[in-house]
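Okay, structure first, notes after.
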Amino acid sequence: MEETMVVIVGAGPAGLATSACLNRLSIPNIVLEREDCYASLWKKRSYDRLKLHLAKQFCHLPYMDFPPNAPTYVPKNGFIDYLDNYVSHFGITPRYLRSVESVIYDSDAEKWQIVVKNMTTTDNVIETEVYTSRFLVVASGENSQGTIPDIDGLDSYGGEYIHSNQYENGRKFRGKDVLVVGCGNSGMEIAYDLWNWGANTSIVVRNPVHVLTKEMVKMAMIMSQYLPCKAVDKITVAISRLKYGKLSKYGIRMPTKGPFHLKETTGRSPVIDVGTISKIKSGEIKVLPGMECIKDNEVVFTNGATVQFDAIVFATGYKSTVRNWLKGSYESFDEKGMPKRSFPYHWKGGNGIYNAGFSRRGLRGISSDAQNIANDIYINITADLS
Ligand SMILES: Cc1cc2nc3c(=O)[nH]c(=O)nc-3n(C[C@H](O)[C@H](O)[C@H](O)COP(=O)(O)OP(=O)(O)OC[C@H]3O[C@@H](n4cnc5c(N)ncnc54)[C@H](O)[C@@H]3O)c2cc1C
Ligand SMILES: NC(=O)C1=CN([C@@H]2O[C@H](COP(=O)(O)OP(=O)(O)OC[C@H]3O[C@@H](n4cnc5c(N)ncnc54)[C@H](OP(=O)(O)O)[C@@H]3O)[C@@H](O)[C@H]2O)C=CC1
Ligand SMILES: O=C(O)C(=O)Cc1c[nH]c2ccccc12
């Protein structure tokens, strides 16, 4: 049993940022990470051509900017280098191969009890450890586990299928017929990558989606400092229309609500086009409607079409796994493992539990969560002392 002031679950950008903010205030904390490295999403579960979609001024963590010579849109490896510097500068020392299995609040002791499996890299359990802490920070991520829809016939599909978090590049798909399911940022970019690698690529677009460029998003983020969301949406949609024309004739419908209104209210990001749309317009990437079922190697679509594919990439999103191990409710997480309180009050629950990285606002949201949490813990500790 080991006791500390704060336990942080997860060493992604949110856990690292929170640990840095606590270290600056000399508040003892332990970061527990199930993988053998920090930022595992960036190091192990993202595709090669990934770059930050938002300009660097919207993606840094607290108290450290990107270097002045960093490009505006930092590539994945540049972001990992930035995190390497961040971790060493703030003296963050996560404990790796620690999978948090259950957490309960001991109301008599007024402490959190965290049960952790210490694993080997081959997933064997070395020992069970127990930590206790006054404060608990959940930083296990909105993207903790990739989700694949339950599609009739997928079990007996003869081709290869993977989740987008297993996709690195399209090398092995050259010359193959590949279906990408899902038209979020992952699906749209992976479809483009597959096309670049010479795959015969199709993408499922079943619902309306906004398509913007990264420059439009940057401009909108600047405008949103001065204009209400409604006005920013109106201008952005008009510019997008001007650039792309009516995409509905290519199977991509535009939602009736604006892109930033949707981001604010549902967390759903607009798609930031990296070149996919021109390939869709030229017919080099085909758009297909929703999937009905799979029969052998053929996918049946809602419009009745039946097409054979050698491989399927499910870019169908992620889920939080908090409810697998956080046993009570503590007024903080719903059954989907997302905060019950809505933004901007989402980051704090009862009995000293907090969450960082669950505001659906990317790295910018993470940075503000980490600072809010560390300051709140500091206030609590100093109030106890006085
Ligand atoms: C492909 C992709 C690209 C993105 N690009 C951007 C971008 O450009 N700009 C932007 O602002 N946002 C971006 N986001 C959104 C978001 O900023 C990132 O997902 C970011 O990594 C979230 O950080 P996090 O620390 O909250 O979660 P994660 O990075 O997912 O880190 C959580 C960590 O917790 C660990 N963990 C989970 N469960 C347990 C457990 N039970 N015990 C111990 N450890 C556990 C995980 O192993 C993981 O290392 C992107 C998301 C994805 C999926
Ligand atoms: N460079 C960057 O900055 C990048 C950022 N990201 C971010 O990471 C996060 C996760 O993105 P992503 O992985 O794209 O996940 P998302 O949750 O954003 O997108 C999932 C997509 O899958 C679709 N989908 C889900 N189930 C089905 C189904 N059964 N049939 C057809 N379509 C389905 C959804 O469509 P529907 O609306 O119909 O449900 C949606 O288009 C987002 O915040 C994203 O912006 C991702 C990649 C790159
Ligand atoms: O990559 C994401 O999905 C993010 O959450 C980053 C982000 C925060 N605000 C935005 C507005 C438009 C597009 C992406 C984001």
Side-chain angles (χ1 to χ4, degrees), residues 8-18 31-35 37-47 49-54 58-59 73-74 76 79 94-103 114 116-117 138-151 163-165 180-190 203-210 212 214 216-218 220-221 224 255 259-260 262-264 267-272 274 288-291 314-322 324-326 355-367 369-370:
I8 300 171
V9 182
L16 299 177
T18 309
V31 184
L32 300 171
E33 169 56 54
R34 66 182 173 190
E35 302 278 348
C37 62
Y38 52 81
S40 63
L41 177 77
W42 293 87
K43 290 181 177 172
K44 296 182 169 188
R45 288 182 282 135
S46 55
Y47 46 88
R49 57 163 289 141
L50 177 67
K51 278 185 180 173
L52 299 183
H53 273 174
L54 299 185
F58 303 114
C59 290
Y73 298 96
V74 177
K76 173 166 92 166
F79 186 57
R95 297 194 187 179
Y96 299 114
L97 298 164
R98 279 4 190 248
S99 173
V100 171
E101 298 291 309
S102 89
V103 171
I114 300 113
V116 174
K117 273 191 188 154
V138 177
S140 50
E142 297 163 343
N143 305 314
S144 185
Q145 193 180 322
T147 52
I148 292 186
D150 201 5
I151 290 171
H163 187 266
S164 58
N165 64 13
V180 178
V181 185
C183 62
N185 276 306
S186 300
M188 284 291 209
E189 185 152 17
I190 288 171
I203 184 166
V204 171
V205 180
R206 65 169 183 181
N207 280 316
V209 61
H210 282 288
L212 308 176
K214 58 187 189 321
M216 289 176 204
V217 172
K218 186 176 178 197
M221 308 253 312
S224 64
F260 290 90
L262 283 176
K263 180 75 190 159
E264 292 264 303
R268 196 61 195 280
S269 304
V271 165
I272 299 173
V274 292
L288 290 160
M291 290 166 89
F314 283 99
T316 39
Y318 293 84
K319 67 177 180 189
S320 157
T321 53
V322 173
N324 297 353
W325 48 267
L326 184 66
N355 63 80
F358 290 87
S359 71
R360 295 177 177 274
R361 280 167 173 75
L363 296 163
R364 210 180 183 197
I366 284 172
S367 183
D369 290 346

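Numbers here simply count residues along the sequence, with the first being 1. Ligands are counted one by one from 1 in listed order, and the atoms in each one are counted from 1 as well.
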Task: Test of proximity, Gly362 against ligand 3: N or O pairs below 3.5 Å - done: yes
Quick one: ligand 2 N/O to protein N/O pairs below 3.5 Å?
{"residue": "ligand 2", "atom": "1 (N)", "partner": "Lys51", "partner atom": "O", "Å": "2.7"}
{"residue": "ligand 2", "atom": "1 (N)", "partner": "His53", "partner atom": "ND1", "Å": "3.4"}
{"residue": "ligand 2", "atom": "1 (N)", "partner": "His53", "partner atom": "NE2", "Å": "3.2"}
{"residue": "ligand 2", "atom": "3 (O)", "partner": "His53", "partner atom": "N", "Å": "3.3"}
{"residue": "ligand 2", "atom": "3 (O)", "partner": "His53", "partner atom": "ND1", "Å": "3.3"}
{"residue": "ligand 2", "atom": "13 (O)", "partner": "Ser186", "partner atom": "OG", "Å": "2.7"}
{"residue": "ligand 2", "atom": "14 (O)", "partner": "Asn185", "partner atom": "N", "Å": "3.3"}
{"residue": "ligand 2", "atom": "14 (O)", "partner": "Ser186", "partner atom": "N", "Å": "3.0"}
{"residue": "ligand 2", "atom": "14 (O)", "partner": "Ser186", "partner atom": "OG", "Å": "3.3"}
{"residue": "ligand 2", "atom": "22 (O)", "partner": "Ala315", "partner atom": "O", "Å": "3.2"}
{"residue": "ligand 2", "atom": "26 (N)", "partner": "Arg206", "partner atom": "NH2", "Å": "3.4"}
{"residue": "ligand 2", "atom": "29 (N)", "partner": "Arg206", "partner atom": "NH1", "Å": "3.4"}
{"residue": "ligand 2", "atom": "37 (O)", "partner": "Arg268", "partner atom": "NH1", "Å": "3.0"}
{"residue": "ligand 2", "atom": "37 (O)", "partner": "Arg268", "partner atom": "NH2", "Å": "3.3"}
{"residue": "ligand 2", "atom": "38 (O)", "partner": "Arg206", "partner atom": "NE", "Å": "2.7"}
{"residue": "ligand 2", "atom": "38 (O)", "partner": "Asn207", "partner atom": "ND2", "Å": "2.7"}
{"residue": "ligand 2", "atom": "39 (O)", "partner": "Arg206", "partner atom": "NH2", "Å": "2.9"}
{"residue": "ligand 2", "atom": "41 (O)", "partner": "Cys183", "partner atom": "N", "Å": "3.1"}
{"residue": "ligand 2", "atom": "41 (O)", "partner": "Gly184", "partner atom": "N", "Å": "3.2"}
{"residue": "ligand 2", "atom": "41 (O)", "partner": "Arg268", "partner atom": "NH2", "Å": "3.0"}
{"residue": "ligand 2", "atom": "45 (O)", "partner": "Asn185", "partner atom": "ND2", "Å": "2.9"}
{"residue": "ligand 2", "atom": "45 (O)", "partner": "Ser269", "partner atom": "OG", "Å": "3.3"}

- [ ] Show your reasoning for whether side chain to side chain contact (heavy atoms under 4.5 Å, CB included) applies to Ser320 and Phe358.
- [x] CA-CA 9 Å; Ser320 157; Phe358 290 87; 3.8 Å; yes
So what's ligand 1 close to, N/O to N/O, under 3.5 Å?
{"residue": "ligand 1", "atom": "8 (O)", "partner": "His53", "partner atom": "N", "Å": "3.1"}
{"residue": "ligand 1", "atom": "11 (O)", "partner": "Leu363", "partner atom": "N", "Å": "2.7"}
{"residue": "ligand 1", "atom": "19 (O)", "partner": "Asn143", "partner atom": "ND2", "Å": "2.8"}
{"residue": "ligand 1", "atom": "21 (O)", "partner": "Trp42", "partner atom": "NE1", "Å": "2.8"}
{"residue": "ligand 1", "atom": "25 (O)", "partner": "Pro13", "partner atom": "N", "Å": "3.2"}
{"residue": "ligand 1", "atom": "25 (O)", "partner": "Ala14", "partner atom": "N", "Å": "2.8"}
{"residue": "ligand 1", "atom": "41 (N)", "partner": "Val100", "partner atom": "O", "Å": "3.2"}
{"residue": "ligand 1", "atom": "42 (N)", "partner": "Val100", "partner atom": "N", "Å": "3.0"}
{"residue": "ligand 1", "atom": "44 (N)", "partner": "Arg34", "partner atom": "N", "Å": "3.1"}
{"residue": "ligand 1", "atom": "47 (O)", "partner": "Glu33", "partner atom": "OE2", "Å": "2.6"}
{"residue": "ligand 1", "atom": "47 (O)", "partner": "Arg34", "partner atom": "NE", "Å": "2.9"}
{"residue": "ligand 1", "atom": "47 (O)", "partner": "Ser40", "partner atom": "OG", "Å": "3.4"}
{"residue": "ligand 1", "atom": "49 (O)", "partner": "Glu33", "partner atom": "OE1", "Å": "2.8"}
{"residue": "ligand 1", "atom": "49 (O)", "partner": "Glu33", "partner atom": "OE2", "Å": "3.2"}
{"residue": "ligand 1", "atom": "49 (O)", "partner": "Ser40", "partner atom": "OG", "Å": "2.7"}

Could you tell me the residue and atom name of the protein heavy atom closest to [atom], and the distance to it rounded to 0.1 Å?
atom                    : answer
atom 11 (C) of ligand 3 : Phe260 CE2, 3.8 Å
atom 1 (O) of ligand 3  : Ser269 OG, 4.4 Å
atom 13 (C) of ligand 3 : Pro270 CD, 3.8 Å

- [ ] Please identify each residue that fulfils ring-ring contact (aromatic ring centres under 6.0 Å, His included) with Trp325, with sequence neighbours left out.
- [x] none
- [ ] Just say parallel, tilted or perpendicular for the rings of Tyr96 and Tyr38, cut-offs at 30° and 60°.
- [x] tilted
Open item on the list: Before you tell me yes or no, could you show the steps for Glu264 and Ser224 under side chain to side chain contact (heavy atoms under 4.5 Å, CB included), namely the whole-Å CA-CA distance, both residues' side-chain angles and the distance that decides it to 0.1 Å?
Closed with: CA-CA 12 Å; Glu264 292 264 303; Ser224 64; over 6 Å; no
Open item on the list: Applying side chain to side chain contact (heavy atoms under 4.5 Å, CB included), can you list everything that pairs with Ser269, at least two apart in sequence or on another chain?
Closed with: Asn185, Lys263
Open item on the list: Checking contacts here: is it the side chain or the backbone of Leu54 that comes within 4.0 Å of ligand 3, counting heavy atoms only? Could be both or neither.
Closed with: side chain
Open item on the list: Counting only heavy atoms closer than 4.0 Å, does ligand 3 sit against the backbone of Pro259, its side chain, both, or neither?
Closed with: neither
Task: 4.5 Å side-chain heavy-atom contact, Asn355 and Val322 - done: no
- [ ] For the residue pair Tyr47 and Lys76, establish whether any side-chain heavy-atom pair is separated by less than 4.5 Å.
- [x] no
- [ ] Assess whether atom CG of Asp150 is packed by more than 12 heavy atoms of other residues, nucleotides or ligands within 6.0 Å.
- [x] no
Task: Trace of the side chain to side chain contact (heavy atoms under 4.5 Å, CB included) decision for Val274 with His53 - done: CA-CA 9 Å; Val274 292; His53 273 174; 4.1 Å; yes
TODO: Decide side chain to side chain contact (heavy atoms under 4.5 Å, CB included) for Val217 and Phe58; before the verdict, give the C-alpha distance in whole Å, the side-chain angles of both, and the deciding distance to 0.1 Å.
DONE: CA-CA 11 Å; Val217 172; Phe58 303 114; over 6 Å; no
TODO: Give a yes-or-no answer on whether the side chains of Thr147 and Gln145 include a donor-acceptor pair shorter than 3.5 Å.
DONE: no
Open item on the list: For a quick test of reading the model, state the closest non-hydrogen atom pair linking Ile203 to Gly182 and the distance between them.
Closed with: CD1-O, 3.5 Å
Task: Sub-4.0 Å heavy-atom approach of Lys263 to ligand 3 - done: yes
Open item on the list: As a quick check of understanding, evaluate salt bridge (charged side-chain N to carboxylate O under 4.0 Å, His left out) for Glu189 and Arg49, giving each step before the final call.
Closed with: CA-CA 9 Å; Glu189 185 152 17; Arg49 57 163 289 141; 2.8 Å; yes
